[in-house]
Amino acid sequence: MPPVQRLHQKHVLQTVCALEAVVLRTFGPEGGQVLFTRDNGHAMLSRSGKRILTALRLEHPIARMMVECVWKHSGKTGDGSKSFILLLASLLRTIYTAASKEPNVCRAYNSREAAESVTARRLADQMLAFASENLDDLIAVVVAPYGFLLSAEDLTASVQSASNSDGGHVELLLTSFFRTRLGCAHCDFMGELVFKLLSNWNCKNNECSGSDKIRSFQGSVAVNSNSSKSDLCSCPLQFLNDNFPALHTPVSGFPVSCSRLIEGQVIHRDFATLYHGNHEHPVKAAVFTISLQPKWLNTSEMLAIGDGTHGKSVMHFSAWAEGSLEHIFATLQTLGVSVLLSAVKQSEAVLTLATQAEMCVVECVDRDELALFLHLSGVSAVADRQGIQPEHIASLAFCRPILLGAHRYVHVAFPDCRGEQPCSVIICGLGEGQMAQYAGAVQDVVRMLRTTWEPPGATGKAASSILPGCVIPAGGTFEILLHHALLQHGSSHDIPVVCQLLASALLHLPRHIHADNPRRFLQIQSRVCSFYRNPFQPDGLLCEPELSPANHGEKSSQGDAKPSTYLLSGLESVSCKYHLILAVLQCVKSLLRVDTVLHISNKLHPKSLKTNNSSEDED
């Protein structure tokens, strides 16, 4: 029988504190990086909380349970992995402290530990119930007014006009994200790159019907409905997230600053036939998901052909297949096709006929890339060899090889006939590890933006009070405002304990953000509290006194400090913060429901060891 371990509160707290100690080294805008050395000698340097937690070899099931909760949250919002662990540790400590102090805690229970566990579970359930019912309304009424709304037009602003509009705020939101994920060296560059990517995917004439199609941002049209605004943003962001593997190309061996946008689509395969160099001008292409040469008979077998009335004729299958292929290529030449994209590997006969017809063949193309190509070109794939129609033929601005790093791919572009020009992004890195980190950060920032503009009602309630596109100054502003709002709400209702516990746990995040400068934390807390008591000047929270480096925080020689548009520590999404609190509270409830751990050995049965090779044994 497998060994049984009784799980106590201290075991859960010790586990989360161990994870907290790891992510604390990288937390906040001034956080460092963690260096991991793998068994093969390769080193990984990262600030990403998700990558760090993934690299840990966690054996305890409670630790794996915590990390799975982090993965689920970050997979939805793209942000908050490190904040998740810190808030989780703070909530557990707060709940355990309150449970141990509750009067008469041992009555009707066999031990004090059992009584404290029951009390902790009850507090966790009450906190989750309160947050599910009241938290979004509280944030919308008390916290959100101190931020501001980013509209759908802000994502479509050109880079040149971003500084003169709220598009600059979108770019600041992106830069703030990359600063905490990648550091200060390239955060501005990556923020501008993603902002250009979003601006280029401004499809004004497309309609969206589902997550697999692009919808127009319609930046020039005034929209009065908040849900309409959120749909205009969330739909193309969902498209970018779903198609990101096909829209980006990783290139190793080059610095990150070489990353750039490129028009059209990069198909991550090379030409299977000779490139004739005659496809720089507009060309036509066809997509095949089947082999052009049937393979259900061998070339040495005979084929009976007839209609049942005039008898049957017998011929070699190879001769019939060759004639069928020649007819297919004659049809393609009639339609002007010079590029063939195939999801499967074609036969040598197909490649030979394509070479004779001066057609380029790209085979074994990833199906996701083909799906994106079909969507962007507006055609359908050929499913019947004998039924090639004009609706299967795509018009391309060009089709040519492109060398990216050590690999040669196929580069295609689409005619700018619908007021749009799709683009792909090239993400460079000196090594594969750095390249993967930057690519993951770009996809995560798209998820973060999608959550920011998430349509109301996506949280499970009939409607959400948090308006889409709401952002707030970073650096602990959200947590400090919500802290005071919870204390005030608890004092005016009959749930003071739950509000006090959640309010106390929230301050753990801004304290660690400014752990290297506690005075800075007190100044921000005092400043936020002053604006909280004076709700008639909410916009002033976005500005700070403009201080020169020479006076180190003193006023200017003209007297009072001048206001500027410099934000506290960037911007962050209110919706992402809301989802973070709910996800952590759900994780707390799940953790406190576990009271027993069964340790099951992973060793193989002795009989199976003889049949497995050494590599499988090591795995």
Side-chain angles (χ1 to χ4, degrees), residues 46 48 50-51 74-75 77-79 155 159 170-171 174-175 177-178 181-182 186-203 211-214 235-270 341 362 364-377 399-414 420-450:
S46 177
S48 170
K50 185 177 180 180
R51 289 183 63 88
S74 60
T77 65
D79 193 16
L155 281 180
V159 178
V170 175
E171 195 166 355
L174 300 174
T175 303
F177 177 91
F178 286 119
R181 179 66 60 88
L182 304 175
H186 303 288
C187 61
D188 293 331
F189 172 79
M190 294 301 296
E192 182 179 350
L193 179 68
V194 174
F195 189 79
K196 290 179 180 178
L197 177 67
L198 299 174
S199 301
N200 274 276
W201 278 99
N202 175 22
C203 307
S211 61
D212 59 334
K213 293 185 179 180
I214 304 176
C235 199
L237 290 171
Q238 183 66 45
F239 177 87
L240 289 176
N241 178 66
D242 294 342
N243 295 276
F244 184 76
L247 284 172
H248 93 282
T249 303
V251 178
S252 61
F254 292 87
V256 179
S257 57
C258 293
S259 302
R260 65 191 186 277
L261 298 183
I262 184 172
E263 65 172 323
Q265 180 185 359
V266 176
I267 298 175
H268 301 110
R269 297 291 297 179
D270 196 2
L341 302 179
V362 186
C364 300
V365 182
D366 184 80
R367 291 190 177 271
D368 290 337
E369 296 181 18
L370 281 182
L372 177 63
F373 177 88
L374 293 173
H375 172 74
L376 296 177
S377 60
C399 177
R400 59 196 179 199
I402 183 173
L403 186 64
L404 296 175
H407 302 279
R408 196 175 89 145
Y409 301 121
V410 176
H411 183 200
V412 299
F414 305 92
E420 65 180 52
Q421 181 51 258
C423 67
S424 303
V425 58
I426 310 297
I427 301 179
C428 302
L430 295 178
E432 293 184 0
Q434 187 188 43
M435 176 185 60
Q437 290 185 57
Y438 277 82
V442 172
Q443 186 170 19
D444 284 343
V445 81
V446 173
R447 292 171 178 166
M448 182 271 292
L449 292 173
R450 180 195 60 186

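Along the sequence shown, residues carry numbers from 1.
Separation of atoms CZ (F254) and CD1 (I426) is listed at 11.5 Å; rounding is to 0.5 Å. Interatomic distance, CG of L174 versus SG of C187, reported as 11.0 Å (0.5 Å rounding). Distance CG/L430 to SG/C258: 9.0 Å, rounded to 0.5 Å. Atom CG in D270 sits 4.0 Å away from atom CZ in R408 (nearest 0.5 Å). The OG atom of S259 sits 10.5 Å away from atom CE of M435, with the distance rounded to the nearest 0.5 Å. To the nearest 0.5 angstrom, N200 atom CG is 5.5 Å from L261 atom CG.
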Please evaluate residues F373 and F414 with respect to the criterion ring-ring contact (aromatic ring centres under 6.0 Å, His included), reporting the C-alpha separation (whole Å), side-chain torsions for both, the decisive distance (0.1 Å), and the verdict. CA-CA 10 Å; F373 177 88; F414 305 92; 5.6 Å; yes

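Considering all non-hydrogen atoms of both residues, V445 and V442 come closest at CG1-O, 3.0 Å. Considering every non-hydrogen atom in both L197 and C423, the closest pair reads CD1-SG, 3.8 Å. Scanning both residues, P422 and L376, for their nearest heavy atoms gives CG-CD2, 3.8 Å. Between L198 and L449 the shortest heavy-atom distance is CD1-CD1, 3.4 Å. Contact record, S424 with V266: OG-N, 3.8 Å, taken as the closest heavy-atom pair. Here the closest heavy-atom approach between residue Q265 and residue E369 is recorded as NE2-O, 3.1 Å.
The salt bridge (Lys or Arg N to Asp or Glu O under 4.0 Å) analysis of residues 430-446, with sequence neighbours excluded, yields the pairs R181-D444, D444-R447.
Between F177 and V194, the closest side-chain pair of non-hydrogen atoms is not below 4.5 Å. At a threshold of 4.5 Å between non-hydrogen side-chain atoms, the residues R450 and N241 count as touching. Here the side chains of L247 and V425 are not in contact, with every heavy-atom distance at 4.5 Å or above. In this structure, the side chains of R269 and C364 come closer than 4.5 Å at one or more pairs of heavy atoms. Taking the side chain as every heavy atom from C-beta outward, C399 and V412 approach each other to under 4.5 Å. When side chains are defined from C-beta on, I402 counts as touching I262, because their heavy atoms get closer than 4.5 Å. When side chains are defined from C-beta on, F239 counts as touching L372, because their heavy atoms get closer than 4.5 Å. M190 is listed as a side-chain neighbour of V256, based on a closest heavy-atom distance under 4.5 Å.
Ring pair H268/Y409 is perpendicular by interplanar angle, where above 60° counts as perpendicular and below 30° as parallel.
No donor-acceptor contact under 3.5 angstrom links the side chains of S257 and H186, judged on distance only.
With H248 as reference, I427 is the one residue of I427, L240, N243 to meet the side chain to side chain contact (heavy atoms under 4.5 Å, CB included) rule.
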